[in-house]
> 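Here's a structure for you.
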Amino acid sequence: MKRILTVQDISCLGKCSVTIALPVISALGTECVILPTALLSNHTLFKSFTVLDLSDQIEPITQKWIDEDVRFDGIYTGYLGSIDQIDMTKRLFDTFGRDGIVFVDPVMADNGKLYPAFDMDYARKNTELCSHADIIVPNITEACIMTDTEYREEYDESYIKELLARLVKLGAKITVLTGVSLSEGKTGIMGYDKDKDEFYTYQNDKVGAMFHGTGDLFSSTAVGEIMKGMDWKDAMRIAADYTAHTIEVTLRDSKDAWYGVDFETTLSDLITMR
Ligand code: PXL
(Lines give C-alpha, C1' and ligand atoms only; values in the text may rest on other atoms or scores of the structure.)
Protein backbone atom coordinates (compact mmCIF):
# COMPACT_ATOMS: atom_id res chain seq x y z
CA MET A 1 0.00 0.00 0.00
CA LYS A 2 1.21 3.49 -0.80
CA ARG A 3 1.85 5.81 2.13
CA ILE A 4 1.65 9.59 2.16
CA LEU A 5 2.64 12.09 4.82
CA THR A 6 0.38 15.08 5.31
CA VAL A 7 1.68 18.10 7.18
CA GLN A 8 -1.00 20.50 8.41
CA ASP A 9 -2.88 21.55 11.55
CA ILE A 10 -5.47 19.68 13.56
CA SER A 11 -8.51 21.87 14.07
CA CYS A 12 -10.51 19.91 16.64
CA LEU A 13 -13.84 21.46 15.63
CA GLY A 14 -14.76 22.65 12.14
CA LYS A 15 -13.92 20.42 9.23
CA CYS A 16 -10.62 21.22 7.50
CA SER A 17 -6.98 20.18 7.07
CA VAL A 18 -6.16 16.86 8.82
CA THR A 19 -9.80 16.08 9.67
CA ILE A 20 -10.52 16.10 5.92
CA ALA A 21 -7.22 14.71 4.57
CA LEU A 22 -7.20 11.64 6.79
CA PRO A 23 -10.68 10.28 5.95
CA VAL A 24 -10.57 11.22 2.26
CA ILE A 25 -7.09 9.86 1.47
CA SER A 26 -7.79 6.72 3.53
CA ALA A 27 -11.10 6.14 1.73
CA LEU A 28 -9.27 6.37 -1.59
CA GLY A 29 -6.94 3.57 -0.50
CA THR A 30 -3.69 5.18 0.62
CA GLU A 31 -2.22 5.15 4.14
CA CYS A 32 -2.21 8.73 5.41
CA VAL A 33 0.39 9.54 8.06
CA ILE A 34 -0.15 12.86 9.82
CA LEU A 35 2.33 15.40 11.13
CA PRO A 36 0.25 18.01 12.97
CA THR A 37 1.78 21.48 12.92
CA ALA A 38 -0.59 22.97 15.48
CA LEU A 39 -3.56 22.04 17.61
CA LEU A 40 -6.45 24.50 17.34
CA SER A 41 -9.72 24.47 19.30
CA ASN A 42 -11.45 25.14 15.96
CA HIS A 43 -10.51 26.64 12.60
CA THR A 44 -9.74 30.33 12.36
CA LEU A 45 -13.04 31.42 10.80
CA PHE A 46 -14.81 31.01 14.14
CA LYS A 47 -15.07 34.15 16.34
CA SER A 48 -11.99 33.07 18.28
CA PHE A 49 -9.71 30.09 18.63
CA THR A 50 -6.88 28.62 20.73
CA VAL A 51 -3.63 27.50 19.09
CA LEU A 52 -0.93 25.25 20.48
CA ASP A 53 2.08 25.48 18.21
CA LEU A 54 3.56 22.01 17.75
CA SER A 55 6.76 23.13 16.01
CA ASP A 56 8.93 21.72 18.77
CA GLN A 57 7.48 18.25 18.06
CA ILE A 58 8.29 18.18 14.37
CA GLU A 59 11.97 17.36 14.62
CA PRO A 60 11.74 14.72 17.41
CA ILE A 61 8.86 12.99 15.64
CA THR A 62 10.64 12.92 12.29
CA GLN A 63 13.86 11.73 13.94
CA LYS A 64 11.98 8.65 15.20
CA TRP A 65 10.79 7.99 11.65
CA ILE A 66 14.33 8.35 10.32
CA ASP A 67 15.49 5.86 12.99
CA GLU A 68 12.77 3.47 11.79
CA ASP A 69 13.78 4.03 8.15
CA VAL A 70 10.24 5.08 7.26
CA ARG A 71 9.61 6.01 3.60
CA PHE A 72 6.78 7.95 2.04
CA ASP A 73 5.42 7.80 -1.49
CA GLY A 74 4.39 11.41 -1.24
CA ILE A 75 4.13 14.48 0.98
CA TYR A 76 1.06 16.71 1.02
CA THR A 77 1.20 20.03 2.84
CA GLY A 78 -1.70 22.34 3.64
CA TYR A 79 -2.23 24.98 6.32
CA LEU A 80 1.08 25.55 8.12
CA GLY A 81 1.34 27.64 11.23
CA SER A 82 4.40 29.87 10.95
CA ILE A 83 7.47 30.84 8.95
CA ASP A 84 9.57 28.46 11.06
CA GLN A 85 7.22 25.64 10.21
CA ILE A 86 7.63 26.34 6.51
CA ASP A 87 11.41 25.99 6.98
CA MET A 88 10.86 22.71 8.82
CA THR A 89 8.53 21.51 6.07
CA LYS A 90 11.19 22.27 3.45
CA ARG A 91 13.61 20.08 5.46
CA LEU A 92 10.97 17.33 5.47
CA PHE A 93 10.91 17.51 1.67
CA ASP A 94 14.68 16.98 1.65
CA THR A 95 14.47 14.06 4.08
CA PHE A 96 11.33 12.25 2.97
CA GLY A 97 10.31 13.72 -0.35
CA ARG A 98 12.88 12.16 -2.63
CA ASP A 99 10.97 8.98 -3.46
CA GLY A 100 7.59 10.48 -4.19
CA ILE A 101 5.39 13.39 -5.13
CA VAL A 102 5.51 16.64 -3.19
CA PHE A 103 2.07 18.28 -3.33
CA VAL A 104 1.78 21.78 -1.84
CA ASP A 105 -1.54 23.49 -1.25
CA PRO A 106 -0.31 26.95 -0.17
CA VAL A 107 -3.29 27.53 2.11
CA MET A 108 -3.19 31.13 3.31
CA ALA A 109 -5.93 33.22 1.69
CA ASP A 110 -9.29 33.34 -0.05
CA ASN A 111 -11.77 35.88 -1.39
CA GLY A 112 -9.06 38.49 -1.89
CA LYS A 113 -7.71 38.32 1.70
CA LEU A 114 -5.09 36.52 3.75
CA TYR A 115 -6.53 34.29 6.52
CA PRO A 116 -6.49 36.02 9.94
CA ALA A 117 -3.37 34.23 11.22
CA PHE A 118 -1.08 35.29 8.34
CA ASP A 119 0.85 38.31 7.06
CA MET A 120 2.91 39.12 3.96
CA ASP A 121 6.16 37.70 5.42
CA TYR A 122 4.38 34.39 5.83
CA ALA A 123 3.01 34.68 2.30
CA ARG A 124 6.49 35.23 0.82
CA LYS A 125 7.85 32.20 2.65
CA ASN A 126 4.90 30.09 1.55
CA THR A 127 5.59 31.15 -2.04
CA GLU A 128 9.17 29.95 -1.65
CA LEU A 129 7.93 26.55 -0.43
CA CYS A 130 5.94 26.18 -3.67
CA SER A 131 9.16 26.34 -5.66
CA HIS A 132 10.20 23.02 -4.03
CA ALA A 133 6.99 21.20 -4.96
CA ASP A 134 6.05 18.91 -7.84
CA ILE A 135 2.40 20.00 -7.80
CA ILE A 136 0.91 23.24 -6.46
CA VAL A 137 -2.79 24.13 -6.24
CA PRO A 138 -3.27 27.78 -5.20
CA ASN A 139 -6.63 29.51 -5.50
CA ILE A 140 -6.81 32.85 -7.33
CA THR A 141 -6.30 34.92 -4.17
CA GLU A 142 -3.21 32.92 -3.19
CA ALA A 143 -1.88 33.06 -6.76
CA CYS A 144 -2.26 36.87 -6.82
CA ILE A 145 -0.42 37.22 -3.52
CA MET A 146 2.30 34.82 -4.67
CA THR A 147 2.89 36.59 -7.97
CA ASP A 148 2.23 40.16 -6.89
CA THR A 149 -0.75 40.41 -9.23
CA GLU A 150 -3.81 42.59 -8.64
CA TYR A 151 -6.75 40.49 -7.33
CA ARG A 152 -9.89 40.79 -9.43
CA GLU A 153 -13.39 39.50 -8.74
CA GLU A 154 -14.21 39.83 -12.44
CA TYR A 155 -11.72 38.51 -14.93
CA ASP A 156 -11.34 36.81 -18.31
CA GLU A 157 -9.31 33.89 -19.62
CA SER A 158 -6.29 36.06 -20.48
CA TYR A 159 -6.04 37.20 -16.83
CA ILE A 160 -6.06 33.55 -15.68
CA LYS A 161 -3.47 32.53 -18.28
CA GLU A 162 -1.20 35.38 -17.23
CA LEU A 163 -1.59 34.40 -13.56
CA LEU A 164 -0.80 30.79 -14.43
CA ALA A 165 2.25 31.82 -16.47
CA ARG A 166 3.58 33.77 -13.48
CA LEU A 167 2.95 30.83 -11.13
CA VAL A 168 4.69 28.36 -13.45
CA LYS A 169 7.87 30.43 -13.03
CA LEU A 170 7.96 29.37 -9.36
CA GLY A 171 9.16 25.99 -10.67
CA ALA A 172 6.59 23.27 -9.87
CA LYS A 173 6.14 20.59 -12.54
CA ILE A 174 2.37 20.89 -12.39
CA THR A 175 0.64 24.14 -11.50
CA VAL A 176 -3.12 24.15 -10.98
CA LEU A 177 -5.10 27.29 -10.35
CA THR A 178 -8.35 26.52 -8.49
CA GLY A 179 -11.65 28.39 -8.24
CA VAL A 180 -11.39 29.55 -11.86
CA SER A 181 -14.69 30.61 -13.38
CA LEU A 182 -14.41 31.08 -17.14
CA SER A 183 -18.08 31.63 -17.95
CA GLU A 184 -21.33 32.53 -16.20
CA GLY A 185 -22.50 29.72 -13.92
CA LYS A 186 -19.31 27.64 -14.26
CA THR A 187 -16.26 27.09 -12.09
CA GLY A 188 -13.25 24.79 -12.01
CA ILE A 189 -9.53 24.76 -12.60
CA MET A 190 -6.85 25.64 -15.12
CA GLY A 191 -3.56 23.75 -14.93
CA TYR A 192 -0.26 23.48 -16.74
CA ASP A 193 2.20 20.59 -16.99
CA LYS A 194 5.67 22.02 -17.54
CA ASP A 195 7.35 18.81 -18.73
CA LYS A 196 4.67 18.17 -21.34
CA ASP A 197 3.98 21.85 -22.09
CA GLU A 198 0.31 20.96 -21.75
CA PHE A 199 -2.64 23.02 -20.45
CA TYR A 200 -5.75 21.51 -18.92
CA THR A 201 -8.97 23.36 -18.19
CA TYR A 202 -11.99 21.84 -16.49
CA GLN A 203 -15.22 23.62 -15.69
CA ASN A 204 -18.31 22.24 -13.96
CA ASP A 205 -21.54 23.90 -12.84
CA LYS A 206 -20.99 26.51 -10.16
CA VAL A 207 -22.99 25.86 -7.00
CA GLY A 208 -24.12 29.22 -5.66
CA ALA A 209 -22.34 28.98 -2.29
CA MET A 210 -18.84 29.10 -0.83
CA PHE A 211 -18.05 26.76 2.05
CA HIS A 212 -15.05 26.62 4.33
CA GLY A 213 -12.76 23.59 3.90
CA THR A 214 -13.60 23.00 0.24
CA GLY A 215 -9.99 23.73 -0.77
CA ASP A 216 -8.85 20.98 1.62
CA LEU A 217 -11.48 18.62 0.22
CA PHE A 218 -10.35 19.35 -3.34
CA SER A 219 -6.65 18.84 -2.54
CA SER A 220 -7.15 15.71 -0.45
CA THR A 221 -9.21 14.14 -3.24
CA ALA A 222 -6.64 15.06 -5.91
CA VAL A 223 -3.80 13.74 -3.72
CA GLY A 224 -5.68 10.50 -3.00
CA GLU A 225 -6.30 9.87 -6.70
CA ILE A 226 -2.75 10.75 -7.76
CA MET A 227 -1.38 8.35 -5.15
CA LYS A 228 -3.47 5.62 -6.76
CA GLY A 229 -1.71 6.33 -10.06
CA MET A 230 -4.33 8.53 -11.69
CA ASP A 231 -3.14 11.12 -14.20
CA TRP A 232 -3.13 14.62 -12.63
CA LYS A 233 -5.75 15.92 -15.07
CA ASP A 234 -8.28 13.17 -14.21
CA ALA A 235 -7.46 13.58 -10.51
CA MET A 236 -8.19 17.32 -10.66
CA ARG A 237 -11.41 16.75 -12.64
CA ILE A 238 -12.70 14.23 -10.10
CA ALA A 239 -11.63 16.48 -7.22
CA ALA A 240 -13.55 19.40 -8.78
CA ASP A 241 -16.67 17.28 -9.39
CA TYR A 242 -16.57 15.74 -5.92
CA THR A 243 -16.13 19.12 -4.23
CA ALA A 244 -19.05 20.62 -6.21
CA HIS A 245 -21.24 17.60 -5.41
CA THR A 246 -20.40 17.89 -1.70
CA ILE A 247 -21.28 21.59 -1.63
CA GLU A 248 -24.59 20.79 -3.29
CA VAL A 249 -25.40 18.08 -0.75
CA THR A 250 -24.33 20.33 2.17
CA LEU A 251 -26.69 23.06 0.94
CA ARG A 252 -29.68 20.71 1.30
CA ASP A 253 -29.13 20.84 5.06
CA SER A 254 -28.36 24.60 4.92
CA LYS A 255 -25.38 24.75 7.29
CA ASP A 256 -23.35 27.85 8.08
CA ALA A 257 -20.95 28.26 5.16
CA TRP A 258 -18.01 29.13 7.39
CA TYR A 259 -18.35 25.90 9.41
CA GLY A 260 -17.57 23.32 6.73
CA VAL A 261 -19.03 20.80 4.28
CA ASP A 262 -20.79 17.47 4.85
CA PHE A 263 -18.19 15.31 3.13
CA GLU A 264 -19.17 12.44 5.44
CA THR A 265 -22.43 12.14 3.49
CA THR A 266 -20.71 12.10 0.10
CA LEU A 267 -17.59 10.00 0.75
CA SER A 268 -19.25 6.84 -0.61
CA ASP A 269 -20.21 8.76 -3.80
CA LEU A 270 -16.52 9.60 -4.32
CA ILE A 271 -15.68 5.91 -4.53
CA THR A 272 -18.30 5.32 -7.23
CA MET A 273 -17.58 8.44 -9.31
CA ARG A 274 -14.06 7.31 -10.29
O1 PXL B 1 -9.12 25.18 5.27
C2 PXL B 1 -7.99 25.89 5.50
C3 PXL B 1 -7.70 26.04 6.96
C4 PXL B 1 -7.03 25.03 7.62
N5 PXL B 1 -6.76 25.11 8.93
C6 PXL B 1 -7.13 26.19 9.65
C7 PXL B 1 -7.82 27.23 9.05
C8 PXL B 1 -8.08 27.17 7.67
C9 PXL B 1 -8.76 28.27 7.01
O10 PXL B 1 -9.19 29.22 7.58
O11 PXL B 1 -8.20 28.26 9.79
C12 PXL B 1 -6.78 26.26 11.11
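The structure presented is a predicted model; accordingly, all values stated were derived computationally and were not measured. Heads up: numbering here begins at 1 and tracks the sequence. Remember, it's 1-based here, ligands and their atoms both numbered in the order they're listed.
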> Check each atom of ligand 1 against the heavy atoms of Ser17 and keep those under 4.0 Å away; list them by number with element.
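Taking each heavy atom of Ser17 in turn, ligand 1 has 4 (C), 5 (N) under 4.0 Å.
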
> Among the heavy atoms of Gly215, does any lie under 4.0 Å from an atom of ligand 1?
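For ligand 1, residue contact (heavy atoms, under 4.0 Å) with Gly215 is absent.
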
> With atoms numbered from 1 as shown, which atoms in ligand 1 lie under 4.0 angstrom from a non-hydrogen atom of Val107?
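In order of numbering, the contacting atoms are 2 (C).
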
> Does Lys161 make a cation-pi contact with Phe199, if we ask for NZ or CZ under 6.0 Å from the ring centre and within 45° of the axis?
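Because its charged atom sits under 6.0 Å from the ring centre and within 45° of the axis, Lys161 does stack over Phe199.
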
> Enumerate the atoms of ligand 1 whose separation from the nearest heavy atom of Leu40 is less than 4.0 angstrom.
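Atoms satisfying the 4.0 Å criterion: 12 (C).
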
> Could you say whether the N/O atoms of Thr44 and ligand 1 ever approach to under 3.5 Å?
yes

> Would the number of heavy atoms belonging to other residues, nucleotides or ligands and lying under 6.0 Å from CD of Glu264 be above 12?
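Yes.
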
> Using only heavy-atom distances, determine whether the side chains of Asp156 and Ser158 contain a donor-acceptor pair under 3.5 Å.
yes

> Angle class for the Tyr200/Tyr202 ring planes (parallel below 30°, perpendicular above 60°, tilted otherwise)?
parallel

> So for ligand 1, is Tyr115 a polar contact partner (N or O within less than 3.5 Å, distance only)?
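No, there is no polar N/O contact under 3.5 Å.
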
> Taking the six-membered ring for Trp and the single ring otherwise, decide whether the centroids of Trp258 and Phe211 are under 6.0 Å apart.
no

> Any idea which protein heavy atom is nearest atom 3 (C) of ligand 1, and the distance to it?
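The protein heavy atom lying closest is Tyr79 CD1, 3.5 Å.
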
> Against ligand 1, does His212 come closer than 4.0 Å with any heavy atom?
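His212: in contact with ligand 1 (<4.0 Å).
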
> Between the side chains of Thr214 and Thr243, is a donor N or O closer than 3.5 angstrom to an acceptor N or O?
no

> Can you tell me how the ring of His43 sits relative to the ring of Tyr259, calling it parallel under 30°, perpendicular over 60° and tilted otherwise?
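Taking Tyr259 first and then His43, their aromatic rings sit tilted (interplane angle of 30° to 60°).
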
> Which residue owns the protein heavy atom closest to atom 12 (C) of ligand 1, what's the atom, and how far is it?
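Ranked first by proximity to atom 12 (C) of ligand 1 is Ser11 OG, 3.3 Å.
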
> Considering only distance and modelled atom types, tabulate donor-acceptor pairs under 3.5 Å from the side chains of residues 117-124, sequence neighbours left out.
residue, atom, partner, partner atom, Å
Asp119, OD1, Asp121, N, 3.2
Asp119, OD1, Tyr122, N, 3.0
Asp121, OD1, Arg124, NH2, 2.9
Tyr122, OH, Leu80, O, 2.7

> Which residue and atom name correspond to the protein heavy atom nearest atom 1 (O) of ligand 1, and how close is it?
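Going by distance alone, atom 1 (O) of ligand 1 is nearest to Asp216 OD2, 2.7 Å.
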
> Among all protein heavy atoms in this structure, tell me which lies nearest to atom 5 (N) of ligand 1, with the distance rounded to 0.1 Å.
Asp9 OD1, 2.8 Å

